[in-house]
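First up is the structure itself, then whatever we jot down about it.
Just so you know, these numbers come straight off a predicted model, no measurement behind them. By convention in this document, chain letters (A, B, ...) are assigned in the order of the sequence lines, proteins followed by strands, and residues within each chain are numbered from 1.
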Protein chains: 2
Amino acid sequence: MQQSIQLSVDAVVFGYEAGSISVLLIKRKYEPFKGEWAIPGGFVLENESLESAVERELKEETGITIDYLEQLYTFGNPNRDPRSRVVSVAYFGLVKPSAFKIFASTDAEEVQWFHIDELPKLSFDHEEILKKAIARLQAKITYEPIGFELLDTKFPFSDLEKLYTTLLGRAIDRRNFRKKILSLNILDQLDEKVSKGSGRPANLFKFNKKRYFKLKEEGIIFDI
Amino acid sequence: MQQSIQLSVDAVVFGYEAGSISVLLIKRKYEPFKGEWAIPGGFVLENESLESAVERELKEETGITIDYLEQLYTFGNPNRDPRSRVVSVAYFGLVKPSAFKIFASTDAEEVQWFHIDELPKLSFDHEEILKKAIARLQAKITYEPIGFELLDTKFPFSDLEKLYTTLLGRAIDRRNFRKKILSLNILDQLDEKVSKGSGRPANLFKFNKKRYFKLKEEGIIFDI
DNA sequence: CATTTTATGCGTGTTTTTTACGCTAAAATA
DNA sequence: TATTTTAGCGTAAAAAACACGCATAAAATG
């Protein structure tokens, strides 16, 4: 028995900057869908794990090294690729965009961050993949502290608050939100302040991942 | 570019009977791992969707038609199969065991339900897959009403309660649980009673899936 | 340099949800 | 018929979620 199914990986990478969520897309250099936008990804090599394949492709095509990566879903519709049967394992990644300089290479003619509400037409079934990834991001920030992967290591509380209002798509009470997050005891308050523009300078905070995992083991759950 | 990665599907199927959760396993008829227990599954055909492949393999190997099926995770470790590189998309299924007669055929020498705390040694990385499936089942019954897929269409409230205590692995207050579930308004109380053994006969209930989806659209969420 | 603007940060009362637990009802059993 | 067993209803206390007031600090404005 010998199939000729090809296996690929794709990565939906989210970033957050200046109050809006963006996703990293590439413009395809080759057929099919040459010149159109797509989620970065490519074929898995013979002796490579799926995660390694994702990391390699991202590095090759966009120059990005990922901070947070998890498997999203496997898309296996027989006709999703016009060339042949290609099954793709999609991943979901988060980065701090400020930390990386993106550049196109190999299969990518161009790389660009797109706001998730200003997306171009996408190749293959990538729209479906992206839709699923957005749903996952919105759901997951309410029960796992993954939002911190999108912020700088040190951040003022207002950044976190803004991230959540953006992702949840609704207003949240600033005072109650602060109380709730601080009561979880997973943030370290630093002795630094930032002043961006007018207004009172804000204290900087840092996510204490180690403490979070310890609390998680003890059964304390993150829940917004 | 031509890979020789093979693609398979596997299905972890859970059933519930007499107060305990079981999983459907097959004894392998051929090498590798001939004579050992494994999760049912097999290779995906060229023009078949992943879901169809799962359904076909389950039917072939065990005789079961699944009630509830969802994708679990894709396992792609390069050495998970001693023959060659095989990537497997694992699925998660639920059935009412009373509704089916299981029988072994094709690749299976034997089929059997195993209580999830009395499992045999498993082939490949199937232990890892099963572990993930159990975690998913336990997590998911708290935020989606999938428990009903394991019960008979008509069931007394105590069956539901017992299922939850079993799955959650802890006692729950009978009175508060009933109040909570009934207040969700997703159960129809029937005009039938069952009396099994001693004690006051219990009213039968039926899960109203249609109403649940309607409520879900309106934003009412199931949460135990 | 006083005043306005902008944003931080602490507190308090109210409503809603969760939790704990007492008690009655109906059938089998001894 | 008394006792045991399982079903089913109700009520009060505790905890969490929600709504909102207001003092404070620094920068911008005139």
Given the side-chain rings of A:Phe207 and A:Phe155, with only the six-membered ring counted for Trp, is the space between their centroids under 6.0 Å?
no
Taking the six-membered ring of A:Phe75 (Phe, Tyr or Trp), confirm whether the NZ or CZ of A:Arg80 is under 6.0 Å from its centre and within 45° of its axis.
no
Looking only at heavy atoms, what is the nearest atom pair of B:Ile26 and B:Pro40, with distance?
CG2-CB, 4.1 Å
Between residues 146-171 of chain B and DNA chain D, which residues have a heavy-atom gap below 4.0 Å?
B:Ser158
Under 3.5 Å, is there a donor-acceptor pair between the B:Lys59 and B:Thr65 side chains?
yes
Name every donor-acceptor pair, under 3.5 Å, that has one atom in a side chain of residues 110-122 of chain A and the other anywhere in the protein, sequence neighbours excluded.
residue  : atom : partner : partner atom : Å
A:Glu110 : OE1  : A:Lys27 : NZ           : 3.4
A:His115 : NE2  : A:Ser20 : OG           : 3.1

Rounded at 0.5 Å granularity, tell me how far CD in A:Glu127 sits from CG in A:Leu130.
8.0 Å
Could you check whether A:Glu149 and A:Tyr16, counting side-chain N and O atoms only, form a donor-acceptor pair closer than 3.5 Å?
no
Under 4.0 Å from any heavy atom of chain A: name the first and the last nucleotide of DNA chain D that qualifies, 5' to 3'.
D:dA17 to D:dA28
Under 6.0 Å between the ring centres of B:Phe124 and B:Phe33?
yes
Nucleotide by nucleotide, 5' to 3', does protein get under 4.0 Å of the base (B), only the sugar-phosphate (S), or neither (-) in nucleotides 21-30 of chain C, counting heavy atoms?
BB--BBBS--
Rounded to the nearest 0.5 Å, how far apart are CD1 of A:Ile66 and OG1 of A:Thr62?
7.5 Å
Between atom CG of A:Leu137 and atom OG1 of A:Thr142, what is the distance when rounded to the nearest 0.5 Å?
10.5 Å
Do the two ring centres, one from B:Phe222 and one from B:Tyr143, sit under 6.0 Å apart?
no
Would you mind writing out the side-chain donor-acceptor pairs for residues 94-107 of chain A within the sub-3.5 Å range, not counting sequence neighbours?
residue  : atom : partner  : partner atom : Å
A:Lys96  : NZ   : A:Phe148 : O            : 3.3
A:Lys96  : NZ   : A:Leu151 : O            : 2.9
A:Ser98  : OG   : A:Asp152 : OD1          : 3.2
A:Ser105 : OG   : A:Glu60  : O            : 2.3

Within residues 211-222 of chain A, those residues having any heavy atom closer than 4.0 Å to DNA chain D are none
